[in-house]
2 protein chains.
Amino acid sequence: MNLYQLRYFTTLAETNHFGKAAEKLCIAQPSLSHAIAQLEAELGVVLFERKNRSSSLTKEGRQFLSYVEKALEILDSGIQTMERISHGEGVIELGFLRTLGISFIPELAADFLREQKDKSIRFEFHSDTSQPLLQGLKEEKYDMVFCTKIDSEKSIEFIPVSKQDLVLIVPRAHPLANRYTVDLTETLPYPHVYFAENSGLRVVIDQLFDKIGKRPQIAYEIQEDQVIAGLVAQGFGIAVVPYMEELLRLNVKIIQISYPYWERNFYMATLKGHYLPPAVQKFKQFVIEKHSL
Amino acid sequence: MNLYQLRYFTTLAETNHFGKAAEKLCIAQPSLSHAIAQLEAELGVVLFERKNRSSSLTKEGRQFLSYVEKALEILDSGIQTMERISHGEGVIELGFLRTLGISFIPELAADFLREQKDKSIRFEFHSDTSQPLLQGLKEEKYDMVFCTKIDSEKSIEFIPVSKQDLVLIVPRAHPLANRYTVDLTETLPYPHVYFAENSGLRVVIDQLFDKIGKRPQIAYEIQEDQVIAGLVAQGFGIAVVPYMEELLRLNVKIIQISYPYWERNFYMATLKGHYLPPAVQKFKQFVIEKHSL
DNA sequence: TATTTTGATAGATTTTGTCTATGTCGTATG
DNA sequence: CATACGACATAGACAAAATCTATCAAAATA
């Protein structure tokens, strides 16, 4: 049994006429006769009543038709879906760090969509910390994630796309406010608004202070970097935070940290050697060409 | 696209290994590779991730698989149904006159089923009058009907299978009770229990009385011949009814009608030159061989 | 009875599914 | 580090089958 026979069958069932159906199918009439005869032989059932003026489905033919129509309908919608995907349509499951969700990812996605006029690509956005993101990537929950690098992951391809410095922010009226750079040791006399335990950056900043062998006084512990910045602006303390555009709009002074040096790199991560759906492949190419460092 | 490719696809999706799947499918491994490659080319989508140790479905592959599995399941159940029908299984839609439903049809069906040990043939029974039965036959509502003949129906094949006499029944204590035959004229002095207007036999018996130029006195009008017989047994009148076995068990005397002569023939009717499902064909053959007159 | 219509049949041709043999790539192994 | 092996792809030959054109047979129409 073959698909084309089933397609011929449904067409013939519509027209009830071998000649007309063959014409509709763009084949010769004997081909259709042959195909239907073969189908009937295989099923052991007569599907059409060949009458003098026209043909018509038998009882079994009608019964079989209902199965075939349903099956073909499902199959065709599957084929259609695949063809849409192959033409670049599709959903890109994007994972990223919360920090990147503020401006980098939205701008990147918007840029990409602007360039892809006719294609209908949708993004699904998922923010999390690096560990779960990479786990999700390996489980194919995400097509692509933007996060920090973990060197032990041999099966993942990392392409650098963005970096972020850590800066000190202080209220405008603070003693350190007119400095351009500071050594982290100089911040120790002042109470800090600090990242909370469960925040991704807590570990990083702890390590930074470990390099100078001291920990700061902690006035408040907060998860969100934006909240930290807000508290600093209101004079609740000083803080080490990743640089973000938003800081410029707040009532804080931004000061470079001269020592210890630290730079945080962000990477686009995909499974190494793994097939990427066309839409994802396009997006990856776009990021490499326009936004990689 | 071909059916076999879809079947290969589902098998490969189960094993995730070209070699193993090919073995399961009883084909060579390159054939499978070729078939899948062709499917992928046609859909424009990569369905399998070929990895070093084993293969696995891509995201699109999983999506397509769900469609294909559903479609094949429906198609296969359709094929199975057809194959069962071709092996003689099936439902026979049987239409017949109510009269025949008392003993003739049940006995015929039981005889047939007794002879068809392993086959699972079921009957659907529908009783009606001749006109609607033949109409239903032409509309393929019934596969076969048992009724009286209508000569104008050129598209229907009638095969005689049973006949039935009209007899006079009277209560045991009736003046006519010890007669063996009567002329219908002799029944006119006595009140009749008569078939109602909408009964199939009313016309027939009216015509019978028209032959002697008179109509009887009507005491009661009833549709069902068995109810008529019951009323006669209880002394409500006399009646002309078709002969049935049941009459022997009632408290009535059965008397032949010597004049006018009348005989009612019953026929098995099928659409002329029309394809019959195997189960129906078998039953028709059985009736012709064992029960036709 | 001749003609038209409809579908089946026959034989040639082309397509395509399947096979065997071999190649390539990447991983394990000595 | 080279070799062997496992897993899939590729190439070319062969066989099966789907399509075509031409023709036939049966039934209905004129």
Side-chain angles (χ1 to χ4, degrees), chain A residues 1-58 61 153-157 271-275, chain B residues 1-58 60-61 68 153-157 271-275:
Chain A
M1 184 172 311
N2 271 317
L3 262 187
Y4 76 92
Q5 293 172 319
L6 300 178
R7 298 224 134 92
Y8 290 3
F9 171 61
T10 58
T11 303
L12 182 55
E14 281 167 23
T15 62
N16 281 325
H17 191 292
F18 280 76
K20 306 261 175 64
E23 196 177 350
K24 207 170 182 179
L25 290 163
C26 300
I27 57 170
Q29 168 264 313
S31 303
L32 180 59
S33 286
H34 188 232
I36 297 296
Q38 211 172 318
L39 193 60
E40 288 179 326
E42 191 164 347
L43 294 171
V45 159
V46 177
L47 296 170
F48 286 93
E49 178 100 8
R50 280 79 159 172
K51 294 218 285 296
N52 305 323
R53 279 278 145 223
S54 72
S55 302
S56 62
L57 282 166
T58 62
E153 293 289 358
K154 306 299 278 182
S155 65
I156 293 176
E157 179 187 14
L271 287 179
K272 201 176 280 181
H274 191 285
Y275 163 77
Chain B
M1 184 174 309
N2 270 316
L3 261 187
Y4 76 92
Q5 293 172 319
L6 300 177
R7 298 225 133 94
Y8 290 2
F9 171 61
T10 58
T11 303
L12 181 55
E14 282 167 21
T15 62
N16 281 326
H17 189 292
F18 280 75
K20 305 263 175 64
E23 197 176 350
K24 207 170 181 179
L25 290 162
C26 301
I27 57 169
Q29 169 264 315
S31 303
L32 180 58
S33 286
H34 188 229
I36 298 296
Q38 212 171 317
L39 193 59
E40 288 178 326
E42 191 165 347
L43 294 171
V45 159
V46 177
L47 297 170
F48 285 92
E49 178 100 9
R50 279 79 161 173
K51 295 217 284 292
N52 306 322
R53 280 277 144 224
S54 73
S55 302
S56 62
L57 282 167
T58 62
E60 292 81 53
V68 172
E153 294 289 0
K154 306 298 280 182
S155 66
I156 292 176
E157 181 187 12
L271 287 179
K272 201 176 280 181
H274 191 284
Y275 164 77

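All chains are named by letter (A, B, ...) in the order of the sequence lines, taking the proteins before the strands, and each is independently numbered beginning at 1.
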If the cut-off is 4.0 Å, is B:Arg50 near the phosphate of D:dA9, judged by side-chain N/O to OP1 or OP2? yes
Atom OH of B:Tyr4 to atom C1' of C:dT18: distance rounded to whole Å? 9 Å
Rounded distance (Å) that lies between atom P of D:dT19 and atom CG of A:Leu25: 10 Å
Return the nearest nucleotide to the side chain of B:Ser33; candidates are C:dC19, D:dA9, D:dT21. D:dA9
Does B:Tyr8 have a side-chain nitrogen or oxygen under 4.0 Å from the phosphate oxygens OP1 or OP2 of C:dT18? yes
Which nucleotide in D:dA9, C:dC19, D:dA18 has an atom nearest any side-chain atom of A:Gln5: D:dA18
Value in whole Å for how far the C1' atom of C:dT20 lies from CD1 of B:Ile27: 14 Å
Which pair of heavy atoms, one from B:Glu60 and one from A:Tyr275, lies closest together, and at what distance? OE1-CE2, 2.9 Å
Atom-to-atom span, CD1 of A:Ile36 to C1' of D:dT19 - whole angstrom: 15 Å
Which heavy atom in B:Met1 sits nearest to a heavy atom in B:Leu6, and how many Å separate them? SD-CD2, 4.0 Å
Given D:dT19, D:dA11, D:dC20, the nucleotide with the shortest approach to the side chain of A:His34: D:dT19
Heavy-atom pair with the smallest gap, counting every atom of A:Thr58 and A:Val46: OG1-O, 2.7 Å
Interatomic distance, A:Lys51 NZ vs C:dT6 P [rounded to whole Å]: 14 Å
At less than 3.5 Å, do the side-chain atoms of A:Gln29 and the base atoms of C:dA8 form a donor-acceptor pair? yes
Hey, does the side chain of A:Ser31 come within less than 4.0 Å of D:dC20's phosphate (OP1/OP2), counting only N and O? yes
Phosphate oxygens OP1/OP2 of D:dC8: is one of them under 4.0 Å from a side-chain N or O of B:His17? yes
Looking at B:His34, I'd like to know if its NE2 atom is crowded, meaning that more than 12 non-hydrogen atoms belonging to other residues, nucleotides or ligands lie closer than 6.0 Å. no
Using a heavy-atom cut-off of under 4.0 Å over every strand shown, decide if B:Gln38 touches base, sugar-phosphate, or nothing. sugar-phosphate
If you check every side-chain atom of B:Phe18, which of D:dC8, C:dT9, D:dC20 has the closest atom? D:dC8
Is there a side-chain polar atom (N or O) of B:Asn2 under 4.0 Å from OP1 or OP2 of C:dT16? no
Check for me whether the distance between the ring centres of A:Phe9 and A:Phe48 falls short of 6.0 Å. yes
Rounded to the nearest Å, what distance is computed from the CG atom of residue A:Leu32 to the C1' atom of nucleotide C:dA8? 12 Å
Rounded to the nearest Å, what distance is computed from the CZ atom of residue A:Phe48 to the P atom of nucleotide C:dG7? 10 Å
Take the protein atom CE of B:Met1 and the nucleotide atom C1' of C:dT16, then report the distance between them rounded to whole Å. 16 Å
Should B:Ser55 be listed as having a side-chain N or O under 4.0 Å from OP1 or OP2 of D:dA7? no
